[in-house]
Every structure is written in C-alpha cells, then in structure tokens.
Amino acid sequence: MPIQVYSSKERKKVPFVPLEEGKVRMYVCGITAYDRCHIGHARSAVVFDAIYRYLRKRGFDVLFVRNFTDIDDKIINRAREEGISTQELAQREIDNFYKDMDALGVLRATYEPRATEHIGEIIELIETLIEKGHAYESGGDVYFRVRSFPKYGELSHRNIDELRAGARIEVGEKKEDPLDFALWKASKPGEPKWPSPWGEGRPGWHIECSAMSMKYLGKTLDIHGGGLDLIFPHHENEKAQSEAATGKTFVRYWLHNGFVTISGEKMSKSLGNFITIEAILGEFHPEALRLFLLSKHYRSPLDYSPEALKETETALWRGYRALYETQEILSSPVKKRRPLTGVAEEALERLGELEDEFFQAMDDDFNTARATGLLFEGIRLLNTVIEEFKKRPSLLYKEGLKGVLEGFSTISDVLGVLLKDPAAFIEEKKEMHLRSMGITRDFVDSAIEERDAARKAKEWEKADGIRAMLREKGIILMDTPQGTKWEVEIA
RNA sequence: GGCGGCGUAGCCAAGUGGCUAAGGCGACGGUCUGCAAAACCGUUAUUCCCCGGUUCGAAUCCGGGCGCCGCCUCCA
C-alpha cells in the first residue's frame, strides 16, 4: 500500500507515487524574514519536519528545500523603521528562526536558499516568461499575464471571471489586467535594487519560489507545502508562472497545513494577535510545543491555549518518567530468569504491534494525531511492564523491553519527541526550577535528610511539615524503596 | 455572493460502512504508602449536534435543519 496524501488541487486523498522511484523532491515555503516567528510558523515547520522525517524513515531519498524570503515590502518597511539595512534585518530574523527551530527539533532542509542569492535565476525565468508571451514589461515592472494561462485557478478552485469581478482596479494601474501580478518591481529611490533587463529593481514575491524550487529540484516537484493561506494567491501564482515557463506539471502533490487559532480566533500578523515561539518557550518545554502541534491532524485548525500546552507537557513528563524507569531496569543487575507475568507478556506483545500501526497511521495522510495516540499507548504499556518487573524482577523483562524499545523509538524519531536522554531531561528541568526558585540542591538534600530522620523517629508531623514546605517551592517528594527522590512540579 | 471545513465523554482529540468508538488531560474508586507522590488497575460516550432516508448493518453514505469557523486581500 502506498502512502495516501491529501492534495489540495484534487481535494481528496490520492496515492503518493513520486516522480522518480525512491526519491522525493519536496519544497516548503519558508518565512519572510522581518519578524520573530509565531506559533503558526512553528506548526508549518514542525508538521513538514515530521513529514520529512517520515518519508526518510520510509526509505525515500528526500531532497528538501525550504526557502527564506529576504527581500520584500515588509522587510523594506521594517528595516526603514529600525534604521538598519534589509540584509541586517533579514539575517537577524533568520538567526532567530534557527534558534526557534533548533529548540523545536526541526531538522535543516537539504537546501535553504535565499531570494537575494538567486536574482540571476529569477531574471532568467522572467525572461523566459516574456519570450513566451506570458509576461510583459510595464514602466520598469514586469507582470505575469494571468489570462495567458488557461489553467489559472485550478489549484485554489477559483473562477478567473469571478476573481476579475472582485479585483479592485487601482488608479494609475500599470497592469493590463487587475489580476496580473508582479514578477519584477522597479525600485523606488533608497530601496535595495539589482540590475535587470528592465532597469534596476527587485523580484516579486511569488517568482523566487518558482526559480529556487526548479533550480534545486527540477521542473516538477513531488511535494509543495505551506500554510493554508498560501494556496491563493501565492501557490496559484507559483504554479501559473512555473508551468507557463516549462510547459510541465509544476507540483504533483500540494499539501497545506491548517491554521493555529487562539481562543478560537484566527491568528495572524495582520490581526496583531499572534503569539511568538519565543514567548511560548519562555513558559513551556519546546518538546511540549512540538508534541502539541502534532497532536492534531495537520489539516485541521488547532486552537492554542496555555492550558492545552500544559496538559501536553504533563503527558510528555509521564513519557520521560516511563523511559527513565525503563532505562533503570535495563541497567539493573538482575540475573534470575523468572518467567514474565501474563500481564507483562500481553503488554509486551501489544507494544510489539505499535510500530506497524504507526506506519499505517502515517501512511494515511501523515496522521500524527493517531501516531501520538499510539505513542502514549506505548507509554502506558511500558509502565505496566515496569510495574510487573518491580513485583518480580527477572532478566526476561530486560530482554523483552530491549526488543520492544526499537519499534518504539521509530515512533519517537519521526515525531521528534521523547528523544532526549530521560535522566538528562529530568535533571535539566530540576536545574531550571532550582534556579528560578533561587534555591540550591544542597538545600533540598538537607531538607530531605532532616525529614528522613524525622520519619525514622516516626515524627510524622515534622516530616510532613518539611514535605509541605518543599511542595510550596514546587518540589515534590517521592518515598521509594531506594530512598526519597524528588521531582519538580510541572508548570 | 462564490468556495471549503467542522460539530465524537467535563475538556482536547483519533476513528469515515460491520472488530470492545484510539490516545491525552481532568474527576472518582482501588492497589502501593505511616500519610503522600509517582505508577498501575477500574469507572467516566449503549452512543457520535438534530430530524428523516439508504442499508442486513451508519458516528461513518444521502437529503434537510441548527450551530461554529476559514478562504475569496499581505499572512504559516
């Protein structure tokens, strides 16, 4: 069974068969580098990162391109406001992008091209379009002649006549038709500019993606992705100009992720209600954000709230705790080969089935929501096995767990969560907490010692008092057969 | 006006013709514990917005209704 993907152009799930067997050419629209990334950018990046990871896990050789738009109106305006150059601004925001993406575990693409580094390719493409009659120069600008491309509207399912009726006609219009869009813009005084056959200017927004995707991936891509809002006009225009230039299908599968809403309202830069990745990471673990973004199907809207993210973080913790205990069992010195309990045997068997089901889930239009369900079913089963081991330790548990852990790690690899060393993850959280509370490890340790003494003397009131005191500082004690351990309260 | 999506437990969320309607968070009961915490076990949707229809059989398909949302403009 091949992978099924929902393609926006067909508006249904279709079998995914790449152009060249075993190879996937994938392009995802990156950011316009003029401001910090918000949670919507995070969703797009994380979703396509999971898709990228999955395709690789599935054995494809994936060529993945994610671009940076480093020249456009918004960048020019913002740079002017800040009194810096557009290059400085773009570079700063690209650095910020990497900071956010690294925290979220988003892998680097094979190529990460920038528009300003491909002016030559852009000009060449525009020249081709002019030669073929699909574009025209007008007062230093170059426009794409939309009506020269009959299939225009095919992707976004828009009727060209209705679009024309609704388009506003600007005064002093240089276009032949209001629907035509700019491929090249003549530069105004003081703006960044590049020489071209039509005078000094800069590329329009849509043309860079066509030029760069075709440079690195060829005339036909397998997957082109981005947020739902890019379908029109951005992707429609990309498709039109690319196909007009090459006469070939530009993209075989168009994938679009749904929006992030905040309290049910659409979030966007223009509405000003956006929340940055940086702000969220000040409060929550980046992995919790990543898991949250993957916990719903990528095409559905996803509503953000701090409460929802806290729930996800709680669940993530449960996962790391289970992994930590699993690790302890694997390194424990048991030698006896006592038989597994029936409960443990069943749990291990079910655990062994999870990987196959995970592939089924991801094959079905990258259903990461179902995949996260399987991940947590796995966590519960792992804990079940751990409980049974504690009752009657046996070497057989170690062997059983080792065998099952590989399949489990396939899931966490692709989702990009639960990958850290559990002990280190827990320690990291403790360090952060101690620092923010302004207390030292010694303080906690000596309080625990004092409490242990009280417990030995059966001075329960005193012992409970110490526990309550630590609890107020967000530290939770756990009395185990191996002594008292402590953990940090979540969020 | 045109196009599209959604409505599943207290909340979030999979499932789109037939296995016990995944999973998470929360709540309650139990095991463990001096008491807790963590973890596990059990309970928490006889039913999937409402009304009709198709079918041996529907949360899933069709028709109608109600409610919510998105796109059609720069935007992940």
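This is a predicted model, so every value here is computed, not measured. Convention: sequence-line order gives letters A, B, ...; per-chain numbering from 1.
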Sugar-phosphate, base or nothing in reach of A:V343, heavy atoms under 4.0 Å: nothing
Distance below 4.0 Å between A:T384 side-chain N/O and B:C41 OP1 or OP2: yes
Please tabulate the protein-to-nucleotide N/O contacts below 3.5 Å involving nucleotides 25-32 of chain B, giving atom names and distances.
{"from": "B:C25", "atom 1": "O2'", "to": "A:E311", "atom 2": "OE2", "distance (Å)": "3.4"}

Under 3.5 Å on both distances, the Watson-Crick or G-U partner of B:G70: B:C3
Please list, pair by pair, any protein nitrogen or oxygen found under 3.5 Å from a nitrogen or oxygen in nucleotides 2-5 of chain B.
{"from": "B:G2", "atom 1": "O2'", "to": "A:E162", "atom 2": "OE1", "distance (Å)": "3.3"}
{"from": "B:C3", "atom 1": "O2'", "to": "A:R11", "atom 2": "NH2", "distance (Å)": "2.7"}

A:K266 charged N/C atom sitting above A:F259 aromatic ring, 6.0 Å / 45°: yes
Result of checking A:L316, A:L415, A:V106, A:T312 against A:R290 for side chain to side chain contact (heavy atoms under 4.5 Å, CB included): A:V106
Phosphate OP1/OP2 of B:A13 contacted by A:K296 side-chain N/O (<4.0 Å): yes
Pair A:N67-A:E112, side-chain donor/acceptor within less than 3.5 Å: no
N/O (side chain, A:K391) to phosphate O (OP1/OP2, B:C40) under 4.0 Å: no
Exercise: do A:D70 and A:T116 side chains pair donor with acceptor under 3.5 Å: yes
No-hydrogen, no-angle side-chain donor-acceptor test under 3.5 Å, A:D363 and A:Q360: no
